[in-house]
Amino acid sequence: MSSVEEDIIIYKLPGEKLGLGLRFEGGSRANECVRHLYVQCTAESSPAAKTKCTWPGGLRAGDEILLISGKNVKKLTRLDCVRALKGNDIIIY
């Protein structure tokens with residue numbers, strides 16, 4: 001498994017679904033922060049599936065999301081993560 005960290009920008013139109021399935025570790029209580037956030041899947045032809053990465057295959061199941069638009073995932077609740085990912089021009093790390 002690779003430990004490469006890279007900025008990934010996902011461009012989506014207003015109202016367009018991201019097409020990114022998520023798997024959370026921790027943060028099951030409303031005020032509890034997430035420990036880890038992983039890509040579970042990407043929908044075919046979605047903005048998430050069309051992202052460009054330096055590694056082959058783009059975003060895929062098991063990739064860990066560390067930051068969302070500069071916000072550390074470990075300082076966010078599940079709801080905060082979902083809200084942040086609903087924005088436009090999302091940057092994930």
Side-chain angles (χ1 to χ4, degrees):
M1 176 163 298
S2 175
S3 63
V4 174
E5 291 183 19
E6 181 174 342
D7 296 355
I8 306 295
I9 301 174
I10 302 174
Y11 296 100
K12 68 183 192 75
L13 299 172
E16 184 177 26
K17 294 196 184 271
L18 188 60
L20 186 64
L22 304 171
R23 181 172 57 87
F24 292 92
E25 286 185 7
S28 56
R29 295 187 180 151
N31 62 347
E32 183 180 36
C33 292
V34 171
R35 285 193 311 272
H36 298 281
L37 175 58
Y38 298 98
V39 173
Q40 185 170 352
C41 62
T42 57
E44 189 175 330
S45 300
S46 68
K50 294 176 186 174
T51 58
K52 303 294 182 212
C53 308
T54 58
W55 61 87
L59 287 177
R60 60 182 177 260
D63 288 343
E64 184 172 5
I65 299 172
L66 304 174
L67 301 165
I68 304 170
S69 297
K71 298 174 186 169
N72 186 331
V73 167
K74 292 182 179 184
K75 294 183 179 181
L76 302 174
T77 65
R78 289 180 184 216
L79 184 57
D80 293 335
C81 290
V82 171
R83 284 182 179 154
L85 288 168
K86 285 187 176 186
N88 290 321
D89 298 344
I90 303 148
I91 303 172
I92 60 175
Y93 308 85

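Predicted, not measured: the structure shown is a model, and the values here were computed from it. Basis for what follows: all heavy atoms, side chains included, without hydrogens, waters or symmetry-related copies.
- The main-chain N or O of Pro47 is never found under 3.5 Å from a side-chain atom of Glu16 such that the two would form a donor-acceptor pair.
- Shortest non-hydrogen contact noted between Ser45 and Lys50 is O-CE, 3.2 Å.
- Between Thr54 and Glu6, the shortest heavy-atom contact is OG1-OE1, 2.6 Å.
- In this structure, Arg78 contributes its side chain and Gly26 its backbone to a donor-acceptor pair below 3.5 Å.
- Checked by atom type and distance alone, the side chain of Lys71 never pairs as donor or acceptor with a backbone atom of Cys81 at under 3.5 Å.
- Side-chain heavy atoms closer than 4.5 Å link hydrophobic residues (I, L, V, M, F, W, Y) into clusters, and following such links, even through other members, never connects Leu79 to Phe24.
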For this session: Show the numbers, then the answer: is there a side-chain contact (heavy atoms from CB on, under 4.5 Å) between Leu22 and Leu85?
Result: CA-CA 11 Å; Leu22 304 171; Leu85 288 168; 3.5 Å; yes
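- Leu20 CG to Gln40 CD: the interatomic distance, rounded to the nearest 0.5 Å, is 9.5 Å.
- Rounding to the nearest 0.5 Å gives a distance of 11.0 Å between CD1 of Ile9 and SG of Cys53.
- Residues in residues 27-46 take part in these ring-ring contact (aromatic ring centres under 6.0 Å, His included) pairs, two or more places apart or across chains: His36-Tyr38.
- Paired with Leu37 under the rule side-chain contact (heavy atoms from CB on, under 4.5 Å), one option of Leu66, Leu76, Ile68, Leu67 passes, and it is Ile68.
- Closest approach of Lys74 to Cys33, counting heavy atoms only: O-CB, 3.3 Å.
- Between Ser46 and Gly19, the closest heavy-atom pair is OG-O, 3.4 Å.
- Here CD1 of Ile65 is found 7.5 Å from CG of Leu59. Values are rounded to the nearest 0.5 Å.
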